[in-house]
Q: 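Shown below is the structure under consideration.
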Amino acid sequence: MAELNIKRPKGTQDITPKEVNKWQTIEGVCKSAAEDYGFSEIRTPTFEDTKLFVRSVGDATDVVQKEMYTVTSKGDSEFTLKPEGTAGVIRAVIENGMLNEAFPQKLFYITQCFRHEKPQAGRLREFHQFGCEMIGTKSPVADADLIMLAADVLERIGITGTKLNINSIGCPSCRAEYTKALRKYFSKYTDTLCETCISRLEKNPMRILDCKSPVCSGIAKDAPVILDYLCDECKEHFDKLKSILDAMGIEYSVNPRIVRGLDYYTKTVFEFICDNIGAQATVCGGGRYDGLVQDLGGADTPALGFAMGIERLLIAAKQCNAEFIEHLNCDIYLASIGEDALLKTAQLARDLRGAGFVAEYDIVGRSLNAQMKYANKINAKFSAVIGYDDIKKGVVRVKNMETGEIDNLSLDDSFLDRFSDVLTSYVFGDEFLLDKD
RNA sequence: GUGGGUAUAGCGUAGUUGGUUAACGCGUCAGUUUGUGGCACUGAAGACCGUGGGUUCGAAUCCCACUACCCACCCCA
């Protein structure tokens with residue numbers, strides 16, 4: 001027989017039970033923070049019409065040009081596994097008539113995304129994003145509120161030491177002016193710029209500002225700055241945002257070199273950087289996309305949003321020694337001696353489980369000693385041993401596994417209530433029982 | 001797509017002048033202990049030393065190729 005050796009695809013990961021509580025913690029924090037800010041969850045398909053991403057993310061971007069997982073389904077249209085979350089949400093908002101509901105629409109999602117990249121620390125081919133979108137407000141107060149939410153999420157997770165960078169990349173009209181100025185500036189250096197930057201000169205000269213090649217960044221240092229080219233409206237928007245952030249006490253630095261790599265961004269862009277998680281340091285990125293809704297066929301509607309990479313949040317949280325919720329431990333392990341007792345423990349386990357307790361019994365066929373060792377290993381709070389005599393006497397000895405104390409409980413209908421009391425006093429202390437008696 | 005690093009049991013590691021049966025810790029299972037776990041002791045299972053070639057009487061060890069993973073560039077969350 002041929003030996004199968006199937007491994008998970010490159011750039012994917014298994015989240016084992018040992019890790020899953022960390023994911024649950026982070027997802028829980030994201031969800032509850034978003035809900036505290038008035039956001040509702042939206043779920044959209046894992047794959048979409050390829051044209052959606054080409055149109056929104058931009059056909060000149062790396063994401064569209066070389067990172068999409070595209071499939072054709074039975075000769076139908078071309079579909080693409082979503083490389084980011086915003087496009088699908090906006091498509092759904094338009095398609096479901098949500099633009100006719102009260103503005104602003106405030107939506108969040110937690111979803112996997114797919115990009116065909118070479119994996120490294122903080123970058124996978126299947127990864128997960130928590131994202132928030134606000135649709136239907138052009139006020140800079142919304143920008144500030146969204147940034148406040150992002151900052152809150154990081155803080156609630158326990159990620160400290162992040163830096164917020166903000167910038168404005170203007171609207172299509174002022175950006176055109178700026179792009180012209182950039183081309184003029186960089187075209188003086190065509191013989192020294194790196195190869196990719198030469199091609200950027202044509203397509204999107206703003207990306208040269210972001211090049212990490214020492215030569216290019218040296219040249220970029222003295223390049224024109226977008227902020228000097230903003231039109232009055234964009235400038236006022238950005239100034240207003242800064243003053244609101246100041247008033248809120250949110251620290252930031254203006255970094256005219258940050259440029260989001262997706263084409264739909266306008267005006268405000270921002271990112272939260274975490275230095276100690278490797279080269280992929282952007283833990284949150286977002287901004288305005290005032291033209292996207294209209295581009296995708298909706299009414300002219302301003303909007304903005306951000307996304308966080310959950311894998312990166314996890315790395316950052318671990319670096320910061322953030323606390324994670326623990327898994328549910330076993331409340332009681334029911335050990336048995338003999339067949340009759342085993343059946344009794346099975347019955348009892350069912351009753352306990354029905355009452356909301358985590359109960360386990362021997363489904364392996366172990367010796368009593370081995371059962372107790374197992375109870376210890378799974379960190380059971382209590383154990384009980386049931387044998388012939390106990391069934392006859394109608395008494396069961398319940399042992400506190402931490403202190404070793406043993407309580408005698410009668411093995412009848414009152415057992416559930418009595419055990420509930422025992423467990424309550426174990427978890428909260430005796431005083432919580434006073435009301436009951 | 002371009003670099004650099006790594007590859008020995010489930011996990012973490014030791015093992016170079018090439019030399020029997022590849023070692024240790026953790027973990028798993030069992031026993032010491034057929035009415036009570038943690039500690040301790042004893043034992044067991046588990047590795048064709050990433051794959052394929054080559055050199056050699058002999059390769060985990062030396063050489064070549066390949067693959068996988070990691071890190072970085074790029075890009076982005």
Side-chain angles (χ1 to χ4, degrees), chain A residues 3 5 7-13 16 18 57 61-67 83-86 110-131 150 194-197 199-200 204 207 210-214 216 258-262 265 269-274 277-287 305-316 330 333-338 341 364 366-390 396-406:
Chain A
E3 207 175 298
N5 186 15
K7 297 193 171 157
R8 61 169 200 274
K10 184 200 278 274
T12 62
Q13 64 186 330
T16 59
K18 280 181 190 151
V57 174
T61 59
D62 276 13
V63 169
V64 166
Q65 276 189 343
K66 45 190 191 191
E67 293 172 4
E84 57 97 54
T86 301
I110 296 174
T111 187
Q112 60 272 74
C113 297
F114 306 85
R115 292 183 198 172
H116 189 99
E117 299 190 86
K118 196 149 176 182
Q120 71 185 69
R123 193 177 72 184
L124 291 161
R125 289 183 174 182
E126 179 182 12
F127 62 103
H128 299 75
Q129 283 192 342
F130 159 65
C194 77
E195 229 171 276
T196 42
C197 281
S199 64
R200 282 168 173 156
N204 189 353
R207 300 222 55 80
D210 219 18
C211 186
K212 289 182 184 76
S213 135
C216 300
I258 70 165
V259 179
R260 305 271 81 216
L262 310 180
Y265 286 112
V269 292
F270 62 91
E271 56 188 25
F272 284 83
I273 303 293
C274 195
I277 62 168
Q280 307 303 318
T282 304
V283 93
C284 171
F306 68 75
M308 296 186 177
I310 296 188
E311 286 81 358
R312 292 183 190 176
L313 291 176
L314 257 166
I315 300 169
C330 179
Y333 182 87
L334 303 163
S336 55
I337 306 160
V364 174
R366 292 184 225 252
S367 68
L368 178 63
N369 185 39
Q371 289 184 63
M372 291 306 293
K373 282 190 175 176
Y374 178 74
N376 184 60
K377 204 159 293 165
I378 63 174
N379 224 347
K381 296 186 185 82
F382 290 87
S383 66
V385 178
I386 298 181
Y388 291 112
D389 294 350
D390 306 299
V396 59
R397 290 154 65 82
V398 173
K399 182 177 187 176
N400 180 324
M401 293 294 279
E402 207 171 284
T403 64
E405 284 169 41
I406 291 177

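From a predicted model like this one, the values you see are computed outputs, not experimental measurements. In the text below, chain A, chain B and the rest are named by the order of the sequence lines, each starting its count at 1.
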Q: Compute the centroid of each ring, for A/Tyr333 and then for A/Phe382, and state whether the two points are separated by less than 6.0 Å.
A: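 No.
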Q: What is the nucleic acid contact for A/Arg260, judged by heavy atoms within less than 4.0 Å: base, sugar-phosphate only, or nothing?
A: sugar-phosphate
Q: Look at all strands and tell whether A/Gly387 reaches a base, only sugar-phosphate, or nothing, counting heavy atoms closer than 4.0 Å.
A: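 If one applies the 4.0 Å heavy-atom cut-off, A/Gly387 turns out to touch a base.
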Q: Rounded to whole angstrom units, what separation is found between the CD1 atom of A/Ile378 and the P atom of B/rC29?
A: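 Atom CD1 in A/Ile378 sits about 12 Å away from atom P in B/rC29.
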Q: Measure the distance from CD on A/Gln371 to P on B/rG31 and round it to the nearest whole Å.
A: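 About 11 Å, once rounded to whole Å.
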Q: If you measure from the C1' atom in B/rA68 to the same atom in B/rG15, how many Å do you get, rounded?
A: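 So the two C1' atoms sit 23 Å from each other.
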Q: Given atom CE of A/Met308 and atom C1' of B/rC76, what is their separation to the nearest angstrom?
A: 15 Å
Q: Does the structure show a Watson-Crick or G-U wobble partner for B/rC73, both distances under 3.5 Å? Name it, or say none.
A: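 B/rC73 is paired with B/rG1.
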Q: Using the P atoms only, state how far B/rA23 lies from B/rC49, rounded to an integer number of Å.
A: 13 Å
Q: More 5' along RNA chain B: A/Lys7 or A/Arg366, using each one's nearest nucleotide?
A: A/Arg366
Q: Tell me, which pairs form a salt bridge (Lys or Arg N to Asp or Glu O under 4.0 Å) where one or both residues lie in residues 113-129 of chain A, sequence neighbours left out?
A: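 Every salt bridge (Lys or Arg N to Asp or Glu O under 4.0 Å) pair that includes a residue of residues 113-129 of chain A, provided the two are not neighbours, is A/Glu117-A/Arg123.
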Q: Between B/rG25 and B/rU8, how far apart are the C1' atoms? Round to whole Å, please.
A: 15 Å
Q: Applying a 4.0 Å non-hydrogen cut-off, can you work out what A/Lys118 is touching in the nucleic acid: base, sugar-phosphate, or nothing?
A: base
Q: Looking at the base of B/rC69, is there any donor atom on it, or on the side chain of A/Arg8, that sits under 3.5 Å from an acceptor on the other one?
A: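 Counting by modelled atom types and ignoring angles, no donor-acceptor contact under 3.5 Å is found here.
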Q: For nucleotides B/rG10 and B/rU6, find the distance between their P atoms and express it as a whole number of Å.
A: 23 Å
Q: So which atom in A/Ile337 and which in A/Ala341 form the shortest heavy-atom distance, rounded to 0.1 Å?
A: O-CB, 3.3 Å
Q: Quick one: OG on A/Ser336 to CZ on A/Arg366, what's the gap to the nearest 0.5 Å?
A: 11.5 Å
Q: For B/rC69, does either OP1 or OP2 sit under 4.0 Å from a side-chain N or O belonging to A/Lys10?
A: yes
Q: Within the modelled atom types, does a donor on one side and an acceptor on the other bring the side chain of A/Arg123 and the base of B/rC74 under 3.5 Å apart?
A: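 Per atom types, the contact qualifies.
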Q: Say you pick atom C1' in B/rA47 and the same atom in B/rA7; how far apart are they, in whole Å?
A: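 Comparing C1' positions in B/rA47 and B/rA7 gives a spacing of 14 Å.
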Q: Could you identify the nucleotide paired to B/rU20, looking across every strand shown and requiring Watson-Crick or G-U wobble geometry with both distances under 3.5 Å?
A: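 Base-paired to nothing in any strand shown.
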Q: Using whole Å, what does the distance between atom C1' of nucleotide B/rG3 and atom CD of A/Gln120 come to?
A: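 So the CD-C1' distance, A/Gln120 to B/rG3, works out to 12 Å.
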Q: Scan A/Val283 against the nucleic acid and name what it touches under 4.0 Å (heavy atoms): base, sugar-phosphate only, or nothing.
A: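 Sugar-phosphate, backbone atoms only, no base.
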Q: Do the side chain of A/Glu84 and the main chain of A/Cys113 share a donor and acceptor less than 3.5 angstrom apart?
A: no
Q: For the C1' atoms, the ones on B/rG27 and on B/rC11, what distance do you get once it is rounded to whole angstrom?
A: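 Approximately 7 Å lies between the C1' atom of B/rG27 and that of B/rC11.
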Q: Would you mind reading off the distance between A/Ile258 atom CD1 and B/rA77 atom P, rounded to a whole angstrom?
A: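 That distance rounds to 11 Å.
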Q: With both distances under 3.5 angstrom, what nucleotide forms a Watson-Crick or G-U wobble pair with B/rA14?
A: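 The base-pairing partner of B/rA14, which may sit in any strand shown, does not exist here.
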Q: Any idea which of B/rC70, B/rA77, B/rA72 is nearest the A/Pro119 side chain?
A: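 The answer is B/rC70, which lies nearest to the side chain.
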Q: Could you let me know what B/rU61 is paired to, Watson-Crick or G-U wobble, both distances under 3.5 Å, or none if it's on its own?
A: none
Q: Kindly point out which of B/rC76, B/rU34, B/rG31 is positioned nearest to the side chain of A/Arg115?
A: B/rC76
Q: Just call it for A/Glu84: base, sugar-phosphate, or nothing, with non-hydrogen atoms closer than 4.0 Å on any strand.
A: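 Nothing: the residue A/Glu84, judged by heavy atoms under 4.0 Å, touches no strand.
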Q: State, with a plain yes or no, whether a side-chain heavy atom of A/Thr12 is found less than 4.5 Å away from one of A/Leu124.
A: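 SC-SC contact between A/Thr12 and A/Leu124 ruled out.
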Q: With rounding to the closest Å, how many angstrom separate the C1' atoms on B/rC73 and B/rU21?
A: 48 Å
Q: Expressed in angstrom and rounded to an integer, what is the separation of A/Tyr333 atom OH from B/rG35 atom P?
A: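 Roughly 16 Å, once rounded to whole Å.
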Q: Does A/Gln280 place a side-chain N or O at less than 4.0 Å from the phosphate oxygens OP1/OP2 of B/rA77?
A: no
Q: Would you state whether a donor and an acceptor, one from the side chain of A/Glu271 and one from the base of B/rC76, lie under 3.5 Å apart?
A: no
Q: For A/Glu405, is there any backbone N or O sitting under 3.5 Å from a side-chain donor or acceptor partner on A/Thr403?
A: yes
Q: For nucleotides 36-38 of chain B, tabulate all protein N/O to nucleotide N/O atom pairs closer than 3.5 Å, reporting atom names and distance.
A:
unit_1 : atom_1 : unit_2   : atom_2 : d
B/rU36 : O2'    : A/Lys399 : NZ     : 2.9
B/rU36 : O4     : A/Arg397 : NE     : 3.4
B/rG37 : N7     : A/Lys399 : NZ     : 2.7
B/rG37 : N1     : A/Met401 : O      : 2.3
B/rG37 : N2     : A/Asn376 : OD1    : 2.8
B/rG37 : N2     : A/Met401 : O      : 2.7
B/rG37 : N3     : A/Asn376 : OD1    : 3.2
B/rG38 : O4'    : A/Asn376 : ND2    : 3.0

Q: Excluding sequence neighbours, so at least two apart, what forms side-chain contact (heavy atoms from CB on, under 4.5 Å) with A/Asp390?
A: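 In terms of side-chain contact (heavy atoms from CB on, under 4.5 Å), with neighbours along the sequence ignored, A/Asp390 is linked to A/Ile386.
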Q: If we call it a pair only when both distances are under 3.5 Å in a Watson-Crick or G-U wobble match, what pairs with B/rC48?
A: none
Q: Below 4.5 Å, heavy atoms only, C-beta onward: do A/Gln280 and A/Gln120 meet side chain to side chain?
A: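 A/Gln280 vs A/Gln120: side chains touch.
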Q: Could you please name the partner base of B/rU67, counting Watson-Crick and G-U wobble pairs only when both distances are under 3.5 Å?
A: B/rA7
Q: Could you check whether A/Ala375 gets within reach of a base, just the sugar-phosphate, or nothing at all, counting any heavy atom under 4.0 Å?
A: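 If one applies the 4.0 Å heavy-atom cut-off, A/Ala375 turns out to touch nothing in the nucleic acid.
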Q: Quick one: A/Gln65 CD to B/rG1 C1', roughly how many Å, whole number?
A: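 One finds 13 Å between C1' of B/rG1 and CD of A/Gln65, rounded.
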Q: Would you call A/Val398 and A/Ile406 a side-chain contact if the rule is heavy atoms closer than 4.5 Å?
A: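 They are not in contact (no side-chain heavy atoms under 4.5 Å apart), so the answer is no.
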Q: Taking CD from A/Glu67 and C1' from B/rC73, how many angstroms apart are they, rounded to a whole number?
A: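 Atom-to-atom, A/Glu67 to B/rC73, this comes out as 14 Å.
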Q: Taking the C1' atom in each of B/rA9 and B/rA60, what is the distance between them to the nearest angstrom?
A: 14 Å
Q: Counting only Watson-Crick or G-U wobble pairs whose two distances fall under 3.5 Å, which nucleotide matches B/rA40?
A: B/rU32
